[in-house]
Amino acid sequence: MQTPTNLATGLRLPVNALDYALMAIYFAVVLGIGFAARRSVRTSLDFFLSGRSLPAWITGLAFVSANLAATEILGMAANSAQYGAYTVHWYWIGAIPAMVFLGLVMMPFYYGSKVRSVPEFLLLRFDRWAHLLSSALFAFAAVLIAGVNLYALAIVVEALLGWPQWLAVVVAGFFVLAYITLGGLSSAIYNEVLQFFVILAALIPLTVLGLKKAGGWGGLTDSLTAGHGHHFVTAWGGTGIGSANPLGANWLTIVLGLGFVLSFGYWTTNFAEVQRALSAKNLSAARRTPLIAAYPKIFIVFLVMIPGLVAAVLVPGIGTSDSDLQYNDAIPYLMQELLPNGVLGVAVTGLLAAFMAGMAANVSSFNTVFTNDIWARYVVRGREDAYYVRFGRLITVIGVLVSIGTAFLAASFSNIMAYLQTLFSFFNVPMFVVFVVGMFWKRASVRSGFWGLLAGTTAAMVNYFVVYKQGIVAIPTDQGANFVSAIAGFAAGAVVMVAVSLFTAPKPAEELRGLVYGTVSPGMAEPPAPGDDAWYRRPALLGWGALVLAAACYIPFSF
């Protein structure tokens, strides 16, 4: 068991009236967007998917902002302080290939089939049992992850501003609840676009001043090499099988566990992300959504990694018994040490914006799945459309309240990102294996979806709680254990799906149109919109460009 997540009490920030005024202005704008978006909500499609009317650049920025939660900012900075430059793997191999795959390969199936959620696709491809299980697992995971954001918000605000945890939770929960219940997904997405720029305004000064404090990039890497060894500032150093490195993982588990299973499981099946693409105005915009998001994602790693590396230099014993600062303290510590008033207010607002973006993404996807895939499908069927809009607003309230209850489950992890990766290995990876087998193998039977999902989830949990936690197999770190759990969940789900398919009947071929690779549905064959032949609107060109750029970024960190 790791030490609790609570931030050091000595990190109180010297905020003044100017800082609080900036925060107040931001919250006023957030509510204003919610009231403005309310006018466009007339149907359940408007509330849950923005009426499928948004342009690609809006959905693309919302796509990356929904992921750029404060749990990622604090967690990836913590990763960097603990593991060093290995953090780049979570971006260049652990995100970009999967985002490109989603845009080029999977979005035509999602958008073309006109589903409202990721679990609904499983209903079309398999049966109601796979659909119900995936809906329940996703809803549970969504409130857990929203709870992580709330808990992290509470401990950060308590440490930095002196607010009691309950007050921070109530204030943040109120604002997220207000703008989602008012304007639905449109409100969440437009706020996420705003939050993206606010987050950048917070991180860029922190990164620049941190580098200056550490003596520039050369001074930073020299200090880290002297204190932690050469591998700490490389991406692949010491990752040979059997070699020791700070991450506790070799190249095989990084490539398969993180680069393939965890990454593709998260980016291609996590409805909190896919929902943004499904709200796009046409198929071309939906495909470009994750591809547009991939470009800022490539460079955001520097804004979260460098502060963590700087903290490892300025506080040599961070995260150990030699210091009262934990890895999660990296960003707050630098805010306290480096930022003047005014800029400090922007930075605090950026953190609050990031927490709210992450929580809102999970709450908005939770209310969609619970309303459409559970309540309307299995509990109260056939009611008028307005009823489901009202119920969606009600379940949003319940989702926020449940998130508050689940927030403290994160308390046993000193590295927030390790906790999130654990959840992804349990819930996203098994869903991905069901998707990838069902989407590329026509013979996958109706029953195989349910049993593959159940087997994958069970195997990942058994590996983590029994094999790793009970010490049956020695795995050096939580992150290494997460990679192994992801591989175990993927393998178990795939094997069970193949076995069940061999003994049960497949779905009739005519029911698989638009659901299996190599088949086309009418929705996937829509003509391109005027102007969609421009080079910057070609999904294939955008996708390959992102892959080449991400691969090129590895070069300076490979030696």
**Request:** List for me each residue that meets side chain to side chain donor-acceptor pair (under 3.5 Å) alongside S365, sequence neighbours excluded, and say none if there are none.
**Result:** none
**Prompt:** Has the side chain of D329 got a donor or acceptor atom that lies under 3.5 Å from a matching backbone atom of Q326?
**Reply:** yes
**Request:** Determine whether T268 and F101 make a side-chain contact, defined as any pair of heavy atoms from C-beta on separated by less than 4.5 Å.
**Result:** yes
**Message:** Please identify which of these residues, W92, Y554, W251, F557, meets the ring pair (Phe, Tyr, Trp, His ring centres under 6.0 Å) condition with W236.
**Reply:** Y554
**Item:** Atom pair NE2/OG1 of H231 and T225 - distance to nearest 0.5 Å
**Value:** 11.0 Å
**Request:** Please check if the side chain of D19 supplies one atom and the backbone of G345 the other of a donor-acceptor pair under 3.5 Å.
**Result:** yes
**Request:** Show the numbers, then the answer: is there a side-chain contact (heavy atoms from CB on, under 4.5 Å) between Y295 and L542?
**Result:** CA-CA 9 Å; Y295 286 88; L542 287 174; 4.3 Å; yes
**Prompt:** Considering residues at least two apart in sequence or located in another chain, which fulfil the ring-ring contact (aromatic ring centres under 6.0 Å, His included) criterion with F299?
**Reply:** none
**Item:** Partner of I145 under side-chain contact (heavy atoms from CB on, under 4.5 Å), chosen from N270, L423, V363
**Value:** L423
**Student check: side-chain heavy atoms of T269 and V274 closer than 4.5 Å** = no
**Asked** Mind checking whether P97 and L547 have side chains closer than 4.5 Å, heavy atoms only?
**Response** yes
**Prompt:** Does Y83 offer a backbone N or O that forms a donor-acceptor pair with the side chain of T87 under 3.5 Å?
**Reply:** no
**Prompt:** For T349, which residues count as a side chain to side chain donor-acceptor pair (under 3.5 Å) partner, sequence neighbours excluded?
**Reply:** none
**Complete:** Closest non-hydrogen contact found for A312 with L224 is CB-CD2, 4.0 Å
Could you pull out every donor-acceptor pair under 3.5 Å between side chains of residues 205-221 and any protein atom, sequence neighbours left out?
unit_1 : atom_1 : unit_2 : atom_2 : d
T207   : OG1    : L203   : O      : 2.9
T221   : OG1    : W217   : O      : 3.0
T221   : OG1    : G218   : O      : 3.1

**Message:** Rounded to the nearest 0.5 Å, what separates atom CG in L256 from atom CD1 in I487?
**Reply:** 5.0 Å
**Asked** Of all residues at least two apart in sequence or in a different chain, which pass the side chain to side chain contact (heavy atoms under 4.5 Å, CB included) check with A77?
**Response** A330, I331
**Prompt:** Taking C-beta and beyond as the side chain, do I298 and C553 meet within less than 4.5 Å on heavy atoms?
**Reply:** yes
**Complete:** F35 meets the side chain to side chain contact (heavy atoms under 4.5 Å, CB included) criterion, sequence neighbours left out, with L182
**Request:** Report yes if some heavy atom in the side chain of F426 is under 4.5 Å from a heavy atom in the side chain of Y464; otherwise report no.
**Result:** yes
**Asked** Taking atom CG of N428 and atom CD of E273, what is their separation to the nearest 0.5 Å?
**Response** 10.0 Å
**Request:** Kindly assign one of parallel, tilted or perpendicular to the pair F260 and F264, based on the angle between their ring planes and the thresholds 30° and 60°.
**Result:** tilted
**Request:** Compute whether any side-chain donor of one residue and acceptor of the other, for Y266 and N67, lie under 3.5 angstrom apart.
**Result:** yes
**Prompt:** Given side chains that start at C-beta, do those of M99 and F63 come closer than 4.5 Å, heavy atoms only?
**Reply:** yes
**Flag, side chain of H89 to backbone of A235, donor-acceptor distance under 3.5 Å** = yes
**Asked** So, Y327 side chain and S80 main chain: donor-acceptor pair closer than 3.5 Å or not?
**Response** no
**Message:** Using only atom types and a distance under 3.5 Å, with no angle test, would you say the side chain of S425 pairs donor to acceptor with the backbone of A486?
**Reply:** no
**Item:** Straight-line distance of L144 CG to N362 CG, nearest 0.5 Å
**Value:** 9.5 Å
**Asked** Is V301 close to W90 at the side-chain level, that is, under 4.5 Å between some pair of heavy atoms?
**Response** no
**Prompt:** Which residue pairs pass the salt bridge (charged side-chain N to carboxylate O under 4.0 Å, His left out) test with at least one member in residues 296-319, sequence neighbours excluded?
**Reply:** E72-K297
**Request:** Report yes if some heavy atom in the side chain of I300 is under 4.5 Å from a heavy atom in the side chain of F196; otherwise report no.
**Result:** yes
**Request:** If a pair satisfies side chain to side chain donor-acceptor pair (under 3.5 Å) and one of its residues is in residues 183-194, list it, with sequence neighbours excluded.
**Result:** S50-S186, E192-R276
**Message:** I'd like to check the ring-ring contact (aromatic ring centres under 6.0 Å, His included) partners of Y26; sequence neighbours left out, ordered by chain and number.
**Reply:** none
**Qualifying residues under ring-ring contact (aromatic ring centres under 6.0 Å, His included), relative to F366, sequence neighbours excluded** = F370
**Asked** Got a sec, which residues hit side chain to side chain contact (heavy atoms under 4.5 Å, CB included) with P55, two or more places apart in sequence or on another chain?
**Response** W57, I58
**Request:** Return the set of residues passing ring-ring contact (aromatic ring centres under 6.0 Å, His included) with F138 (not counting sequence neighbours), or none when no residue passes.
**Result:** none
